[in-house]
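Below is one structure, written out as structure tokens; comments come after it.
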Amino acid sequence: MKNILYRMLPICLFTISLTGCEDETKYRPLPEAVPLTMSINEKAFVMGENLKVNINVDADADGNEMVANEDFDIYFTAKAGTEDVSDVFEPFSGIVTFPKGGKQIQVDFPVKKSGLTGSTAMEFVAFARGYKMANSSQAIKVSDYYRITMSLENNVDNVVTEGDKFVLVAKIDKAKAIPIDVTITPKEGEEGRYENLPSSITIPAGRTSVKSAAITIKADGEKTGDLNLILNFESSSSVNPMISPTLSIVMTDLESLADPDLYDMTKVYLLPESPFASSQNRDLVHSWFTGRVTDIEENSVHSNEVLAAEGWRFHYAVEFHKIEPANYWDATSNMLKCFASSNEAAVQKVATVNNKECSNLNNNGELVMWADAVHGGSKAYGFSAMQCCKVNGGQGSPFLGNFTRIYPGMRIEFKVRLRGVRTGFVPTIEIKNPDVMSNGAIKAIKILQNKAGSFITQSVTGDKVADAVSKVTAIPQANEYNIYWVELVDDEHIQLGINGVATMTVSKNDLGSWPFEKAAMPSNKLGCRGLFLVMRMSPSDDLEAGNMEPGWDSDLKSVSDPETEGPRMEIDWIRFYVNDAYKVESNETNNRNTIFY
């Protein structure tokens, strides 16, 4: 071991002496990797343009400027997924040398001047072995032209439910110096599917995108199944064509989405077409109506086993039988006996309540309420609006219309169908707190409100519009008979539904105010209380505000028989049930001597 060590020592000393002689080698700096950043001039390019790539040396962690202290190579790639798409550039520099002592280089990648078709989206990547480079991968698009894209805002699937709205977005990758118009044309035969569809949309000069106003796919009230709707587009600029000349929108059919029980009135009654008849009118009803008649007496349990188990028992009905003496129609006044006109100023800005000319009890035993363009008097249109059970004002206890008191503990059912083109007029059935007129409060329960197609809005509103709970339900067909119902379950709970489905349940805690308990209802001079019922074919909000498109009422004006052709609501019957929560004071006598069933 010692001999080996001694032999090695002279060699080591010799090596040290040689190193010490080369002073310039002693101070030569070793190569050091500097931080780099890649940047590009644009994100989108077309034929004849240049992608300009800058590679910069960054400052160090202390902010000191740095330069490259060696030559090194930078490698560039352009790929769409795994495919090399660098041939869109001519030439393509795959390797470029960054010079020693340099702080920045710029490399040009010219896009071909011709021969490209469509667009290519790619990842443009720079790589230098042993160096860290920020933003070394950039997503860019190379195209033949700056083409225009049409899409639906915030809707990548292009699926719109019938009755809902969508917004069209026109977009181009680079702003142009002049505006560009895009013509919009629905597929032939689909023109009537849209509301507020513009004929064109313009991308302003200097901007890259524009949005349309909200466009509605109209509800048709029919079970059509999902539809594939097509919009066609054409650009006004030959050098800025469309990426695609069409856009496909999948319309989800509301009626197909509906709860199966919404189709079925037998979920409420096994024989919903069977009228009720009291012992007083039984023989007359049997002689008038050729089908099955249900004999009914006060306190009979509901024929639906579920509702019977919940404690609902028959209280009263308005069946609209076409018989005497229980005929609801007063031949002298040519008006319905059991209802009075509902002359609310809020719904008479452009139309006049005219129940004499806009309602009838037909031979089928249906109350028909309609709107027309003839019987409006000083206003443009006439319509039907009726109320009953109002203990304050004109419908106090001495009148036929006060045939029952609407209190907590009551279930009310309406068999109704909606007919005609109801544009501009909204069929509505609701119950209200009697002081709704005196202080401008809302205090209403909407059981049926049809603003479009087969959409049914139901709501419970307290003292203010904002103090409300609302639900819109798409039913299979509003133009066929359905049973709409409300349950004032007790002082603190309300439930609304259609046919066999409870669509919404509202409790006292859901609203800031609760005007539906008995104590919250004002009394008349006799101490009688109660909510009241309103049915009307009222003008829509847009009609009242003057926002209807010119010519919207051409169909209405062409109707020769509004009772059978115009916008109308047909009511077969109204039935009242009560449970144990229903309490009538001894002085609150219902006018049960007038039998409407």
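Atom CD of E188 has 12 or fewer neighbouring heavy atoms from other residues, nucleotides or ligands inside a 6.0 Å radius.
Sorted by first and then second residue, the salt bridge (charged side-chain N to carboxylate O under 4.0 Å, His left out) pairs involving residues 275-292 (not counting sequence neighbours) are R282-D295, R282-E297. Among pairs with a residue in residues 542-573, those fulfilling ring-ring contact (aromatic ring centres under 6.0 Å, His included) read Y269-W573, Y381-W552, at least two apart in sequence or across chains. Residue pairs meeting the salt bridge (charged side-chain N to carboxylate O under 4.0 Å, His left out) criterion with at least one partner in residues 369-382, sequence neighbours excluded, are absent. The list of salt bridge (charged side-chain N to carboxylate O under 4.0 Å, His left out) pairs with a residue in residues 495-512, not counting sequence neighbours, reads K508-E517.
Defined by atom type and a distance below 3.5 Å, a donor-acceptor pair is missing between the side-chain atoms of T503 and T473.
Residues satisfying the side chain to side chain contact (heavy atoms under 4.5 Å, CB included) test with N299, not counting sequence neighbours, are R313. In this structure, the side chain to side chain contact (heavy atoms under 4.5 Å, CB included) partners of V301, at least two apart in sequence or on a different chain, are A308. Contacts of K356 classified as salt bridge (Lys or Arg N to Asp or Glu O under 4.0 Å), with partners at least two apart in sequence or in another chain: none. Judged as a salt bridge (Lys or Arg N to Asp or Glu O under 4.0 Å), and not counting sequence neighbours, K322 has no contacts. Listed by chain and number, the residues in a salt bridge (Lys or Arg N to Asp or Glu O under 4.0 Å) with D553 are K557 (sequence neighbours excluded). With sequence neighbours left out, E565 forms a side chain to side chain contact (heavy atoms under 4.5 Å, CB included) with V559, S560, D561. By the salt bridge (Lys or Arg N to Asp or Glu O under 4.0 Å) test, E570 pairs with R417, R568, sequence neighbours left out.
Here K187 contributes atom NZ and I230 contributes atom CD1; the two are 6.0 Å apart, rounded to the nearest 0.5 Å. Note that OH of Y316 is 7.0 Å distant from CZ of F403, once rounded to the nearest 0.5 Å. Atom CG of residue L533 and atom SG of residue C389 lie 6.0 Å apart, to the nearest 0.5 angstrom. The line from CZ of F425 to CG of L418 is 14.5 Å long, rounded to the nearest 0.5 Å. For the atom pair CD1 of I323 and NE2 of H286, the computed distance is 10.5 Å after rounding to the nearest 0.5 Å. Here CG of L197 is found 11.0 Å from CD of E190. Values are rounded to the nearest 0.5 Å.
L367 is listed as a side-chain neighbour of L336, based on a closest heavy-atom distance under 4.5 Å. Within the 4.5 Å cutoff, side-chain heavy atoms of H302 are placed close to those of V268. Residues W329 and S359 have side chains in contact (heavy-atom distance under 4.5 Å, counting atoms from C-beta outward). With a 4.5 Å cut-off on side-chain heavy atoms, T266 and P272 count as touching. Annotation: side chain of L448 is in contact with side chain of V416 (closest heavy-atom distance under 4.5 Å). Using a 4.5 Å cut-off on side-chain heavy atoms (C-beta onward), C338 and V318 make contact. By the 4.5 Å heavy-atom criterion applied to side chains, E298 and S300 are not counted as neighbours. Using a 4.5 Å cut-off on side-chain heavy atoms (C-beta onward), F320 and I571 make contact.
Using a 4.0 Å cut-off between charged side-chain N and carboxylate O, R411 and E413 make a salt bridge. Salt-bridge annotation for E162 and R193: absent, with no side-chain N of the basic residue lying under 4.0 Å from a carboxylate O of the acidic one.
At least one donor-acceptor pair closer than 3.5 Å links the side chain of N433 to the backbone N or O of P515. Judged purely by atom type and a 3.5 angstrom limit, N232 has no side-chain atom pairing as donor or acceptor with the backbone of T246. The backbone N or O of G551 sits less than 3.5 Å from a side-chain atom of S554, completing a donor-acceptor pair. Between the D253 side chain and the G225 main chain, a donor and an acceptor come within less than 3.5 Å of each other. The backbone N or O of Q387 sits nowhere less than 3.5 Å from a side-chain atom of R536 that would complete a donor-acceptor pair.
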Quiz: residues 488-498 side-chain donor-acceptor pairs under 3.5 angstrom, not counting sequence neighbours:
unit_1	atom_1	unit_2	atom_2	d
D490	OD1	E492	N	2.8
D490	OD1	H493	N	2.9
D490	OD1	H493	ND1	3.0
D490	OD2	H493	ND1	3.4
D491	OD1	K518	N	3.4
Q495	OE1	T505	OG1	2.8
Q495	NE2	E487	OE1	3.3

Using the side chain to side chain contact (heavy atoms under 4.5 Å, CB included) rule, take F596 and H321 through it: C-alpha gap first, then chi angles, then the decisive distance, then the call. CA-CA 8 Å; F596 295 130; H321 301 318; over 6 Å; no
Start with the C-alpha gap between C388 and F339, add the side-chain angles, then the distance that decides, and say whether side chain to side chain contact (heavy atoms under 4.5 Å, CB included) holds. CA-CA 5 Å; C388 68; F339 287 83; 3.3 Å; yes
Working note: Y484 + Q449, criterion side chain to side chain donor-acceptor pair (under 3.5 Å); need CA distance, chi angles, decisive distance, verdict. CA-CA 10 Å; Y484 305 89; Q449 188 174 55; over 6 Å; no
Show your working on side chain to side chain contact (heavy atoms under 4.5 Å, CB included) between T428 and V534 and close with a plain yes or no. CA-CA 8 Å; T428 302; V534 180; over 6 Å; no
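Remark: aromatic rings of F314 and F276 are close, center separation under 6.0 Å. Between H315 and Y577, the ring center distance fails the sub-6.0 Å criterion.
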